[in-house]
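Worth knowing before you read on, the calculation uses all heavy atoms, side chains too, and leaves out hydrogens, waters and symmetry mates.
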Amino acid sequence: MLFLAACNSEESDKDASAAGKDTIKLGLLEDHSGDFSLIGLQKLHAAELAVSEINESGGLLGKQVQLIAPDTQSDNTKFQELARKLILQDEVDVLMGAVSSASREAIRPIVEQNKILYFYNNQYEGGVASKYTFATGGVPEHQIQTLMEGLIKDYGPKVYVIAADYNFGQISADWVYKETVENGGEIVGEEFIPLGVSQFSSTISRIKDADPDVLITLLAGAEQSAFYGQWANSGVRDIPMGTTVNMAQAYEHLRFQPPALENMYVTATFMEELGKSDLEIAPKAQEFVDKFYKMFPDDKYVGMEAEAEYSAIMLWAKAVEKAGTTETDAVIEALETGISYDGPAGLVTIDGKTHHAIRNVYLAHSGKGHEITFPKHWEAIVPDWLSTEKGVDLTTKPEFVQYNPLD
């Protein structure tokens, strides 16, 4: 088996160059260190697992897959530098990666300029319509539409939002506003928190003063997750929290002492606890978790972005086999036919018009002791806002924009 997970070193660069035309090269840009490393390392390891399985099964088109995976260090300048290197020097056949939307948007112009296939395998705020970009994680149709309808119905119409102050948080907050209004609710407070902020006493005071029925948290990174311990220590117990990221990404329910995440809901595309649930997907979820920990026994969690990375690589591999080549336009055409992979989270299918994933969504709830249950799930949600509301059809008309729900 040839399996090369090259990191940011001279030796790794030599290995990548030496492999030449004898391998198919997958470039991976993930954060091994820095603010997003809790998620980035899960994604790196999921990619290593997927590539090892592909190579053990004979590779692609008679060649082994070479994974070239430098550390982007949660630094958007580093993302741009390494994207150019992977594309222009290493001549990768496909590029994947990025946790934050800011990182994705830092490299997307480089991807489009160089006309290379790119997979963004992460939950995000939605709206990207790009010929060369495919998104396999959860988007607002999966997560925010489902979440807000249920929370307003069960708890009440007054909603307070705190969000990371960059495009993920800002556009996700717009989606929360849209869905809140459509479900008869109102936004009674909204705050955007700069990345790196870890002190939230004034924010918690404002939330208490507003007295919402529901608190939506769209925070990002290791520093901002400090909010939850401070929230629990504030004595608030009767306001449920809703999120699209926490627990399912950076496993705050395991990292923080109960009851910091008490009564939190997340609409997740995968969580490792699915393997212990009574849902039909449990055996497949547990098989993936077991394989992951067998290869990486010191890891702490297998979250939804690990699954998105793994499933994306399997989708790409199926498209390459169908196309009979790694040539970008041919693989895109194959993906647009509706390539599917039945994996750890259930069937994942590429929607050709939008380049997003049709996939299942699981509502997870954290109890007082941070026990995770799944009171509801939705099957095969189609991410069709771009196609139905904005007229996007990337199979017939290339676009290179990001749409906002309030535009």
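Separating the CD atom in Q286 from the NZ atom in K291 is a distance of 12.0 Å, to the nearest 0.5 Å. One distance of note links CG of L38 with OG of S225; it measures 7.5 Å at 0.5 Å rounding. Here the CG atom belonging to N246 is positioned 8.5 Å from the CG atom belonging to L218, to the nearest 0.5 angstrom. Note: F119 CZ to I313 CD1 = 9.5 Å, rounded to the nearest 0.5 Å. A distance of 12.5 Å separates CG in D342 from CE in M314, rounded to the nearest 0.5 Å. Between atom CD1 of residue I144 and atom OG1 of residue T243 there is a gap of 9.5 Å, rounded to the nearest 0.5 Å.
Applying the salt bridge (charged side-chain N to carboxylate O under 4.0 Å, His left out) rule to pairs touching residues 214-228 yields nothing, sequence neighbours excluded. Annotation: salt bridge (charged side-chain N to carboxylate O under 4.0 Å, His left out) contacts involving residues 120-137, sequence neighbours excluded, comprise R104-E125, K131-D329. The salt bridge (charged side-chain N to carboxylate O under 4.0 Å, His left out) analysis of residues 172-191, with sequence neighbours excluded, yields the pairs K178-E182, E191-R206. Within the structure, side-chain hydrogen bond (donor to acceptor under 3.5 Å, both in side chains) pairs that include any residue of residues 142-151 comprise Q123-Q143 (at least two apart or interchain). Within the structure, ring pair (Phe, Tyr, Trp, His ring centres under 6.0 Å) pairs that include any residue of residues 94-117 do not occur (at least two apart or interchain). Screening residues 202-229 for ring pair (Phe, Tyr, Trp, His ring centres under 6.0 Å) gives F200-F227, F227-W231 as the qualifying pairs, with residues at least two apart or on separate chains. Applying the ring pair (Phe, Tyr, Trp, His ring centres under 6.0 Å) test to residues at least two apart or on different chains, none of the pairs has a partner in residues 77-99.
Put simply, the side chain of T267 reaches to within 4.5 Å of the side chain of L363, judged on heavy atoms. The shortest side-chain heavy-atom distance between V159 and P212 does not fall under the 4.5 Å cut-off. Between N114 and Y132, every side-chain heavy-atom pair lies at or beyond the 4.5 Å cut-off. Taking 4.5 Å as the limit, every side-chain heavy atom of P109 sits out of range of all side-chain heavy atoms of F400. A 4.5 Å side-chain heavy-atom check between I162 and L219 finds at least one atom pair inside the cut-off. Counting heavy atoms from C-beta outward, E273 and H253 have side chains that approach closer than 4.5 Å. L61 has its side chain within reach of V320: a pair of non-hydrogen atoms, C-beta onward, lies under 4.5 Å apart. The shortest side-chain heavy-atom distance between N360 and H377 does not fall under the 4.5 Å cut-off.
For the pair S205 (side chain) and S201 (backbone), a donor-acceptor distance under 3.5 Å is present. Put simply, the side chain of K300 never gets that close to the backbone of A250: no donor and acceptor are under 3.5 Å apart. Using a distance-only test at 3.5 Å, with no hydrogens or angles considered, a donor-acceptor pair links the side chain of S74 to the main chain of F36. Between the side chain of N122 and the backbone N or O of V99 there is at least one donor-acceptor pair closer than 3.5 Å. With E307 contributing its side chain and G137 its backbone, the two residues share no donor-acceptor pair below 3.5 Å. Put simply, the side chain of K322 never gets that close to the backbone of T337: no donor and acceptor are under 3.5 Å apart. In this structure a side-chain-to-backbone donor-acceptor pair under 3.5 Å is present from Y124 to V128. Between the side chain of K158 and the main chain of D211, a donor-acceptor pair closer than 3.5 Å is present. Checked by atom type and distance alone, the side chain of Q42 pairs as donor or acceptor with a backbone atom of G303 at under 3.5 Å. The main-chain N or O of D90 is found under 3.5 Å from a side-chain atom of K25 such that the two form a donor-acceptor pair.
Residues E252 and Y301 bring no donor and acceptor atom of their side chains to less than 3.5 Å of each other. Residues S33 and D71 have side chains that bring a donor and an acceptor to within less than 3.5 angstrom of each other. Counting only N and O atoms by type, the side chains of Y166 and E105 include no donor and acceptor under 3.5 Å apart. Under the 3.5 Å distance criterion, with hydrogens and angles disregarded, no donor-acceptor pair is assigned to the side chains of D31 and S37.
By the ring-ring contact (aromatic ring centres under 6.0 Å, His included) test, Y118 pairs with no residue at all, sequence neighbours left out. The side-chain contact (heavy atoms from CB on, under 4.5 Å) search around A364 returns V266, M271, I372, F374, not counting sequence neighbours. The ring-ring contact (aromatic ring centres under 6.0 Å, His included) check on Y177 picks up nothing, with sequence neighbours excluded. Taking H365 as the reference, Y265 meet the ring-ring contact (aromatic ring centres under 6.0 Å, His included) condition, with sequence neighbours excluded. With sequence neighbours excluded, the residues satisfying side-chain contact (heavy atoms from CB on, under 4.5 Å) with S387 are K353, T354, D384.
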Check your understanding: What do the steps show when you test T180 against I216 for side-chain contact (heavy atoms from CB on, under 4.5 Å), and what is the final call?
Key -> CA-CA 11 Å; T180 296; I216 299 299; over 6 Å; no
Exercise for review: Evaluate side-chain contact (heavy atoms from CB on, under 4.5 Å) for F168 paired with T244, printing each intermediate quantity in order.
Suggested key: CA-CA 11 Å; F168 157 69; T244 61; 4.1 Å; yes
Point to revise | R108/T133 under side chain to side chain donor-acceptor pair (under 3.5 Å): CA gap, chis, key distance, verdict | key: CA-CA 8 Å; R108 190 161 63 87; T133 297; 5.1 Å; no
Exercise for review: Evaluate the salt bridge (Lys or Arg N to Asp or Glu O under 4.0 Å) criterion for residues E321 and K318: first the C-alpha distance (whole Å), next the side-chain angles of each, then the deciding distance (0.1 Å), finally the verdict.
Suggested key: CA-CA 5 Å; E321 293 285 6; K318 293 185 74 170; over 6 Å; no
Point to revise | Pair Y160-I239, side-chain contact (heavy atoms from CB on, under 4.5 Å): steps then yes or no | key: CA-CA 10 Å; Y160 200 107; I239 302 176; over 6 Å; no
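A345 approaches I281 most closely through the heavy-atom pair C-CD1, 3.7 Å. Contact between L44 and A69 at its shortest, heavy atoms only, is CD1-CB, 3.7 Å. Contact between M148 and N183 at its shortest, heavy atoms only, is C-ND2, 4.5 Å. Of all the heavy atoms in M96 and N121, the pair that sits closest is SD-ND2, 3.5 Å. In this structure, A232 and A260 approach most closely via the heavy-atom pair CB-CA, 3.5 Å. When all heavy atoms of E336 and L394 are compared, the closest pair comes out as OE2-O, 3.5 Å.
By the 30° and 60° cut-offs, the orientation of the rings of W385 relative to W175 is perpendicular. Below 30°, between 30° and 60°, or above 60°: for Y310 and F288 the angle between ring planes is between 30° and 60°, a tilted geometry.
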